[in-house]
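Data first, discussion second: the structure below is written as structure tokens.
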Amino acid sequence: MSDLPATYDPHAAAERWRAAWNEADVYRADPDAPGPTFSIVIPPPNVTGNLHMGHALNNTLQDVLVRYRRMAGDNVLWVPGTDHAGIATQWVVRRQLEAEGVDFRDLGREAFVERVWSWKGQAGGTIVHQLQRLGVSCDWSRERFTLDPDLQRAVTEHFVKLYEDGLIYRGQRLINWDPLDQTALSDLEVEHEEGAAAELWSFAYPIREEDGGGEIVVATTRPETMLGDTAIAVHPDDARYQHLVGKSVRHPILPRDIPIVADAILVDPEFGTGAVKVTPAHDFNDFAVGQRHDLPMINILELDGRLNAVCGEFQGLTVKEAREAVKAKIEELGLFRGTQAHTMNLGRSQRSGAVVEPMLSTQWFVRMKPLATPAVAAVENGFTRFVPQQWANTYYAWLRDIQDWCISRQLWWGHRIPAWYCDACGATIVARTAPEACKCGAEAAQLRQDEDVLDTWFSSALWPFSVFGWPDKTPDLARYYPTSVLVTGFDIIFFWVARMMFASLHLTGTVPFRDVYIHALVRDKHGDKMSKTKGNVVDPLDVIDRFGADAFRFTLIAFAAQGRDVLWDEKRVEGYQRFTTKIWQALRYCHMSAGDADASHAMIVPEDGPYERWIQARTAAAVARIRTAIDEYRFNEAASEIYAFVWGEFCDWYIELSKTTVYDEAATPAAKAAVKRQLMDTMDVIVRLLHPIMPFLTEEIWSRLPGREGLVTTARYPEPGDFASDPAVLDEIARLQAAITEVRRIRGEMEIALKVELELRVADPALHALLARHQRAVWDLARCKVVLSSEEPTASATGVVGGQKLVIPLQGVVDLSAEVARLDKVLAKSDKDVEQLRKRLANPSFVEKAPTELVDEVRGKLSAAESRRDTLRTSRDRLAAALSAGA
RNA sequence: GGGCGAUUAACUCAGUGGGAGAGUGCCACCUUCACACGGUGGAAGUCACAAGUUCGAAUCUUGUAUCGCCCACCA
């Protein structure tokens with residue numbers, strides 16, 4: 001195999017293997033195929049989206065699970081797709097039209113929606129292609145879009161069912177209004193900006209003359225809303241105001257009187273003046289007061305956020321302008337009563353950034369309490385499990401204190417609400433298909449469908465089963481639903497996870513997924529959230545371009561410790577890119593030394609040498625640890641186990657040990673064949689273990705291993721039982737490694753080059769026999785000749801392995817005072833070990849109460865440490881004495 | 001106001017009851033026939049602080065400090 005390139009080209013490999021997977025159609029699921037079922041639905045990215053670090057992490061995690069389960073023999077399905085993302089998408093196209101000088105409203109609904117679809121056809125696939133560059137193994141034949149006809153049908157079914165069950169209603173309520181997008185928003189779509197500077201501005205309402213005159217002072221951060229005030233509230237126990245309850249004040253600007261009411265819930269008598277202006281149509285707390293006291297609710301705003309006709313002279317002003325104008329007017333009327341600095345939280349639309357106005361509006365709502373209760377119970381009872389578990393608390397907290405969900409949006413792009421209003425009788429008809437006629441006899445022409453569309457998340461909530469064709473009973477639904485696991489970020493537990501839970505429970509009678517793996521956010525290396533304004537955004541595609549998808553994916557996985565944010569540090573990718581190089585170089589070695597090896601897979605254990613048995617036993621242990629780690633969603637652990645095995649055991653030790661045979665001209669062909677086969681077999685195992693994390697590299701290597709058929713992506717994932725375990729050989733090689741390391745340490749610290757050949761004297765026959773058996777390895781790795789001898793020349797270096805002394809004569813090799821200095825250093829450590837162990841055993845309650853095995857273990861350690869210390873000390877003293885005698 | 005999380009080597013992070021690890025960086029030596037994107041060895045930490053539980057605490061409890069996030073929102 002001399003045609004093996006000197007380096008790995010991740011880009012060529014990605015191209016090649018993506019095409020090969022497609023060609024072989026290996027990720028298409030078959031509901032009739034055998035095996036345990038493993039299914040995942042992708043968190044559908046917005047169709048307008050571009051791949052960001054969050055997507056990269058999220059999808060790499062899913063891909064690791066999916067590739068692993070597939071190789072492990074499961075019947076795996078990973079459903080991909082995108083979300084129509086109502087507001088976001090409407091905005092993209094709206095801006096495009098504006099750039100062309102067209103106001104989207106002039107285009108009309110039908111033409112606009114058509115335009116969005118055509119945009120989707122051209123540009124909507126961007127994120128899908130970007131995901132593919134990451135190497136994800138979705139079943140693309142099952143790709144779904146939340147506005148596909150099937151999924152629209154599911155949404156309609158969802159709406160109608162909830163309506164029929166009394167869980168959806170239409171009503172006039174206070175909602176969050178985005179004056180820029182001119183649509184209602186749910187509570188979740190409003191983000192609260194903390195600590196906005198504001199002023200608490202006080203003014204007086206004059207009490208009616210017939211009620212005794214005088215004034216009552218209120219404070220507000222929003223003076224303009226006084227135009228919609230319909231009450232003044234005071235605390236019922238507040239002595240200052242008790243006599244005024246039931247009386248009225250005169251509105252200083254508008255021609256109306258306003259009652260003074262007592263409300264213990266709203267009013268804190270300690271705060272401000274203890275009197276509160278009440279604007280039920282523009283404040284959530286005030287709205288509740290209005291309901292309690294049956295107050296009129298006066299809407300003062302147009303849909304674009306400007307003041308309406310109710311406001312008289314202020315009509316047409318923006319809220320901001322009106323604030324100043326009202327203040328000026330009140331000062332002019334002599335009613336201004338002072339101001340003080342104040343901080344408040346400002347609600348902004350998540351999408352548009354506009355300041356959200358609480359507004360009285362007729363909208364559709366989902367009654368949440370009856371839906372939330374079973375959703376909480378399902379997690380409490382373990383039908384769905386959060387990983388890490390702590391996120392269940394977040395989920396509970398939100399669902400237990402939930403408000404009704406406003407689901408109608410004043411947009412054109414989305415699922416149209418399946419409700420019709422009869423012009424003749426005013427009836428509301430909710431139906432799965434457009435009704436032919438009204439009960440009152442009115443014909444279809446007199447029925448108008450609701451103009452609004454549904455919150456995007458109303459359709460996302462169905463994703464785990466709508467993608468399978470629900471409400472039809474499809475084979476996919478039967479086989480793959482409920483899904484195995486949902487992998488997502490904590491930021492959408494409320495938006496999405498909770499909603500999928502209650503929608504699934506209500507509509508399908510089952511939880512949508514067994515596990516929810518919640519991963520963290522990807523931040524920059526300082527822990528800051530990546531954002532365009534901060535300019536710290538890392539583009540995953542750029543990382544892939546520079547380092548390759550394999551190194552990028554490995555980095556994400558290695559960073560993905562449970563419950564922790566991922567702090568992006570490019571240095572780490574560089575490190576893992578080196579890991580790909582290392583593996584590639586290992587492959588080159590295997591080929592150079594074993595290119596003509598027998599291609600057979602068979603592991604013929606009895607004929608194998610000790611190093612082959614050793615690496616097999618180590619492989620068994622590594623495989624077990626790696627499988628367990630992935631099974632338990634400890635991704636970073638799986639990554640570091642593979643890394644440590646490949647680099648620290650296979651490359652550092654097995655490959656080096658294999659050279660004792662590979663480069664030994666005297667070795668028998670059978671011995672060489674066994675080593676060559678082992679090299680290839682271990683590469684084979686490594687590549688299969690690593691495939692879920694580094695799919696392209698491993699596929700490339702697999703294709704270059706002799707005798708391996710097909711694709712690694714369809715190969716079997718290794719199991720610990722595939723490899724012979726051999727405790728005796730593990731112990732033997734551990735001693736060999738310890739001896740080699742001890743010699744290397746002496747060489748390193750005393751700066752004795754490897755080309756200086758040394759003698760390694762061992763007095764213990766057993767240890768000598770062991771090292772002599774591995775003389776070739778000791779020679780290759782430490783340049784020592786092993787000798788059985790209890791003679792210790794004064795000029796020697798001393799080491800200890802397994803309680804036995806190693807002596808290395810150094811006469812003429814090195815300055816012996818260096819060995820004294822080295823031994824002093826080692827002794828200091830050794831003394832400390834002994835001291836610590838003694839201290840532990842000196843504690844009677846430790847000996848008494850700690851488990852016997854542990855106490856025995858510590859005793860063993862102590863005697864080993866003491867013997868080691870004594871050995872070293874004797875040598876050190878002898879050498880020091882000789883030196884001073886000689887000097 | 002309520003809740004959650006973090007604080008471990010210079011840096012980025014693992015480590016959920018038995019005496020602290022990795023990668024990067026640093027120092028020394030080595031161009032030895034897979035790899036200098038390498039090898040070998042080394043230095044480096046009162047595990048934020050305080051108290052408690054325990055024979056034993058980075059790990060469990062409580063408190064404190066600092067940082068971050070989520071929820072609620074006294075006008």
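Only a predicted model underlies this, so the values are computations on that prediction, with no experimental measurement involved. We use all heavy atoms of the structure for the numbers below, so side chains are in, but hydrogens, waters and symmetry mates are not. Order of the sequence lines fixes the chain letters, A, B, ..., with proteins taken first and strands second; residue numbering starts at 1 for each chain.
Checked against B:C55, B:G41, B:A75, the side chain of A:H342 finds its nearest nucleotide in B:A75. The side chain of A:K861 lies closest to B:G19, out of B:G19, B:G23, B:G42. Closest to the A:Q585 side chain, of the nucleotides B:C35, B:C55, B:G38, is B:C35. Nearest nucleotide to the A:D268 side chain, out of B:A75, B:G42, B:G19: B:A75. Closest to the side chain of A:T220, out of B:G41, B:C55, B:A75, is B:A75. Checking B:G41, B:U31, B:C55 against the side-chain heavy atoms of A:K755 singles out B:U31 as nearest. Counting only heavy atoms from C-beta on, A:V276 has its side chain closest to B:A75 among B:A75, B:U24, B:G39. In this structure, the nucleotide among B:G39, B:G5, B:C35 sitting nearest to the side chain of A:D652 is B:G39. Nearest to the side-chain atoms of A:E751 among the listed nucleotides B:G38, B:A28, B:G42 stands B:A28. Closest to the A:L754 side chain, of the nucleotides B:G42, B:U32, B:G5, is B:U32.
As rounded to the nearest Å, B:C47 and B:G19 have C1' atoms that lie 12 Å from one another. Annotation: B:G1 and B:C60 have their P atoms spaced 27 Å apart (nearest Å). With both ends at atom P, the span from B:U24 to B:A20 equals 23 Å, rounded to whole Å. Taking atom C1' on both B:A6 and B:C55, the two are 31 Å apart, rounded to the nearest angstrom. Comparing B:A10 with B:A44, their C1' atoms are spaced 9 Å from each other, to the whole Å. Atom P of B:A75 sits at a distance of 29 Å from the matching atom of B:G5, rounded to the whole Å. As rounded to the nearest Å, B:C29 and B:A36 have C1' atoms that lie 14 Å from one another. Comparing B:U46 with B:G41, their C1' atoms are spaced 28 Å from each other, to the whole Å.
A salt bridge links A:E742 and A:R745; the closest N-O separation between the charged side-chain nitrogens and carboxylate oxygens is under 4.0 Å. Using a 4.0 Å cut-off between charged nitrogen and carboxylate oxygen, A:K327 and A:E224 do not count as a salt-bridge pair. Ion pairing between a basic and an acidic side chain is recognised when a charged N comes within 4.0 Å of a carboxylate O; A:K861 and A:E857 show such pairing.
Within 4.0 Å of A:P851, counting heavy atoms only, lies at least one base atom of the nucleic acid. A:T580 comes within 4.0 angstrom of nothing in the nucleic acid, heavy atoms only. Note on A:L266: a base of the nucleic acid sits closer than 4.0 angstrom, heavy atoms only. Among the atoms of the strands shown, base atoms are found under 4.0 Å from some heavy atom of A:N345. The residue A:W201 sits apart from the nucleic acid: no heavy atom pair falls under 4.0 Å. At the heavy-atom level, A:R840 lies under 4.0 Å from base atoms of the strands shown. Residue contacts for A:R744: at a heavy-atom cut-off of 4.0 Å it reaches the sugar-phosphate backbone alone, with no base atom in range. Backbone-only engagement by A:F559 is indicated by non-hydrogen atom pairs under 4.0 Å involving sugar-phosphate atoms exclusively. Across all strands shown, A:F494 has heavy atoms under 4.0 Å from sugar-phosphate atoms exclusively, and none from any base. Across all strands, A:I655 comes closer than 4.0 Å to base atoms (heavy-atom distances). A:E641 comes within 4.0 angstrom of no nucleic acid atom, judged by non-hydrogen atoms across all strands. Among the heavy atoms of the strands lying under 4.0 Å from A:T581 is at least one base atom, whether or not backbone atoms are also near. Residue A:A586 is classed as a base contact, given a heavy-atom separation below 4.0 Å to a base.
Atom CD of A:E656 is separated from atom OH of A:Y611 by 12.0 Å, given to the nearest 0.5 angstrom.
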What pattern of brackets, bars and dots sums up RNA chain B from 5' to 3', given Watson-Crick or G-U wobble pairs under 3.5 Å, [ ] for crossing pairs and | for another strand?
((((((((.[[[[.)..(..]]]].(((((.......))))).....[[[[[..)....]]]]])))))))....

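A:K659 forms a cation-pi arrangement with A:Y589, by the criterion of a distance under 6.0 Å to the ring centre and an angle within 45° of the ring axis. For the pair A:R572 and A:F559, the cation-pi test (distance below 6.0 Å, angle within 45°) is passed.
A donor-acceptor contact under 3.5 angstrom links the side chains of A:S186 and A:E189, judged on distance only.
Of the candidates A:D286, A:D283, A:T225, A:T225 is the only one forming a side-chain hydrogen bond (donor to acceptor under 3.5 Å, both in side chains) with A:K277.
Residue A:K582 has no polar side-chain atom (N or O) positioned under 4.0 Å from OP1 or OP2 of B:A36.
Residue A:Q390 qualifies as enclosed at atom CD: its count of foreign heavy atoms under 6.0 Å is above 12.
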